[in-house]
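Please read the structure below before turning to the comments.
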Amino acid sequence: MTYLAPTVTLNNGSEMPLVGLGCWKIPNEVCAEQVYEAIKLGYRLFDGAQDYANEKEVGQGINRAIKEGIVKREDLVVVSKLWNSFHHPDNVRTAVERTLNDLQLDYLDLFYIHFPLAFKFVPLDEKYPPGFYTGKDNFAKEIIEEEPVPILDTYRALEKLVDEGLIKSLGISNFSGALIQDLLRGARIKPVALQIEHHPYLVQDRLITYAQKVGLQVVAYSSFGPLSFVELNNEKALHTKTLFENDTIKAIAQKHNVTPSHVLLKWSTQRGIAVIPKSSKKERLLENLKIEETFTLSDEEIKEINGLDQGLRFNDPWDWLGNEFPTFI
């Protein structure tokens, strides 16, 4: 029997599942099958990005499920993100059309600005996705070249694509409170969501309070903290005790007879924060999807988990190739 996660209503009236499948780091060779199987289980939100380099495979899984009549296109919330190399208004449409072509879809339900950073444009036929590449000289010197593009210019180019129906809703990712405040002053179409790194080592309570106050749905990524970054040889993650091994998390999990991962996800969803975990195991995918109905954390337990905060950020542009982007300073 297919299980559907509860949904939240966004500020434009759209519905979004509280639990979705994160597509970051799903290997290309298994991505289409995992997306297809997740749809059969009941997943309806798929959180991808141009930078993940697997949008073609995500699209294959989605379109197979649609073709077989398992879901209709309108049942799904398909998400992608504008990479830093395409912030100039002249390049925004190019990037969105590439994503739609890779996904083989006519529109995106939610499209984020991935980071408030504008890199030098890289033509699609030179390197896609470009990642940190901004030209041959850049890889030799490990210096990421930037473009002088204000966030509002990028956002207004995206608003035009909403007008045309290529995008249903806009979101922002990895934005600080001051940047959100500034964007809201000039935005014609209000963003519906803010996606941030969020786990007990990086609680960001004030940012979440502000985002919710102004009507943005907060979406957490890397809910398991350092675990998401160990395989990337992230120095901070390699030298940080995993949340699965944290005594507080383990004790709460044992009390409720659940896994530490479920405690971490429930800590977010119980406070109205959406989550996008991934797993290669079907039983774990289904357990994650059902997280809202399994158990409830007490106020004291939530307070204990909040108390683990260290302000420890693993995805920090300050550390990218030594370029020291001051995104979160």
Side-chain angles (χ1 to χ4, degrees), residues 1-7 16-81 83 95-112 114 124 128-129 131 168 173 195 219-224 227-232 244 259 261-262 264-265 269 274-294:
M1 181 178 175
T2 299
Y3 178 87
L4 299 179
T7 62
M16 186 181 84
L18 196 59
V19 181
L21 181 70
C23 299
W24 183 38
K25 297 189 300 181
I26 298 182
N28 295 71
E29 60 270 19
V30 299
C31 185
E33 185 68 19
Q34 284 195 17
V35 168
Y36 171 75
E37 290 296 334
I39 291 174
K40 291 204 305 184
L41 286 174
Y43 278 84
R44 295 296 180 261
L45 184 148
F46 295 88
D47 184 274
Q50 295 167 344
D51 192 52
Y52 300 167
N54 58 8
E55 290 196 311
K56 285 185 178 180
E57 291 78 11
V58 171
Q60 288 167 5
I62 288 172
N63 283 286
R64 178 184 172 191
I66 293 173
K67 184 177 180 180
E68 293 181 10
I70 298 171
V71 289
K72 298 177 181 177
R73 171 64 185 92
E74 56 267 30
D75 297 331
L76 301 177
V77 177
V78 182
V79 180
S80 185
K81 305 178 188 75
W83 184 240
V96 171
E97 288 180 345
R98 172 60 188 258
T99 282
L100 290 172
N101 184 67
D102 283 350
L103 291 169
Q104 292 298 296
L105 297 175
D106 296 327
Y107 66 90
L108 292 162
D109 296 275
L110 175 56
F111 196 62
Y112 292 97
H114 206 152
L124 299 182
Y128 185 86
K168 298 293 185 182
S173 178
Q195 187 171 122
V219 180
Y221 72 79
S222 297
S223 297
F224 304 145
L227 190 65
S228 300
F229 299 92
V230 168
E231 63 193 74
L232 302 178
F244 291 171
T259 66
S261 64
H262 292 148
L264 296 170
L265 295 178
T269 61
V275 294
I276 45 171
K278 74 177 180 68
S279 176
S280 59
K281 298 179 180 180
K282 186 179 294 187
E283 61 273 16
R284 181 64 57 80
L285 282 171
L286 188 56
E287 288 172 0
N288 291 345
L289 196 62
K290 292 183 174 181
I291 195 69
E292 273 303 277
E293 68 173 30
T294 51

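Quick caveat: nothing in here was measured; it's all calculated off a predicted structure.
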- [ ] Say whether, by atom type as modelled, one donor and one acceptor occur between the side chain of Asp75 and the main chain of Lys72 under 3.5 angstrom.
- [x] yes

Open item on the list: Tell me if a side-chain donor or acceptor on Thr99 pairs with a main-chain N or O of Val96 at a distance below 3.5 Å.
Closed with: no

Who passes salt bridge (Lys or Arg N to Asp or Glu O under 4.0 Å) against [X], sequence neighbours left out?
X: Lys25; result: Glu231
X: Asp51; result: none
X: Arg64; result: Glu33, Glu68

Does the side chain of [X] reach to within under 4.5 Å of the side chain of [Y], using non-hydrogen atoms?
X: Arg98; Y: Leu124; value: yes
X: Leu105; Y: Asn63; value: yes
X: Asn54; Y: Trp24; value: no
X: Tyr112; Y: Val219; value: yes
X: Tyr52; Y: Ile26; value: no
X: Glu57; Y: Val35; value: no

Once rounded to the nearest 0.5 Å, what's the spacing between atom [atom1] of [X] and atom [atom2] of [Y]?
X: Ile276; Y: Leu18; atom1: CD1; atom2: CG; result: 12.0 Å
X: Cys31; Y: Lys278; atom1: SG; atom2: NZ; result: 10.0 Å
X: Leu103; Y: Gln60; atom1: CG; atom2: CD; result: 10.5 Å
X: Thr2; Y: Leu286; atom1: OG1; atom2: CG; result: 9.5 Å
X: Ser80; Y: Glu55; atom1: OG; atom2: CD; result: 3.5 Å
X: Glu287; Y: Lys281; atom1: CD; atom2: NZ; result: 10.0 Å

Closest non-hydrogen atom pair, [X] against [Y]:
X: Ala274; Y: Pro17; answer: CB-O, 4.4 Å
X: Gly42; Y: Leu4; answer: O-CD2, 3.4 Å
X: Val275; Y: Ser223; answer: CG1-OG, 3.9 Å
X: Gln50; Y: Trp83; answer: OE1-N, 2.9 Å
X: Phe46; Y: Ala38; answer: CE2-CB, 4.0 Å
X: Cys23; Y: Gly48; answer: CB-CA, 4.1 Å

Task: With Ser280 via side chain to side chain contact (heavy atoms under 4.5 Å, CB included) - residues at least two apart - done: Gln34

TODO: Could you tell me which residues satisfy side chain to side chain contact (heavy atoms under 4.5 Å, CB included) with Asn101, sequence neighbours excluded, listed by chain and number?
DONE: Gln104

TODO: Starting from the C-alpha separation in whole Å, work towards a yes-or-no answer on side-chain contact (heavy atoms from CB on, under 4.5 Å) for Val19 and Tyr43.
DONE: CA-CA 8 Å; Val19 181; Tyr43 278 84; 4.3 Å; yes

Task: Contacts of type side chain to side chain donor-acceptor pair (under 3.5 Å), residue Ser279, not counting sequence neighbours - done: none

TODO: Pick out which of Lys168, Arg44, Arg73 makes a salt bridge (charged side-chain N to carboxylate O under 4.0 Å, His left out) with Asp109.
DONE: Arg73

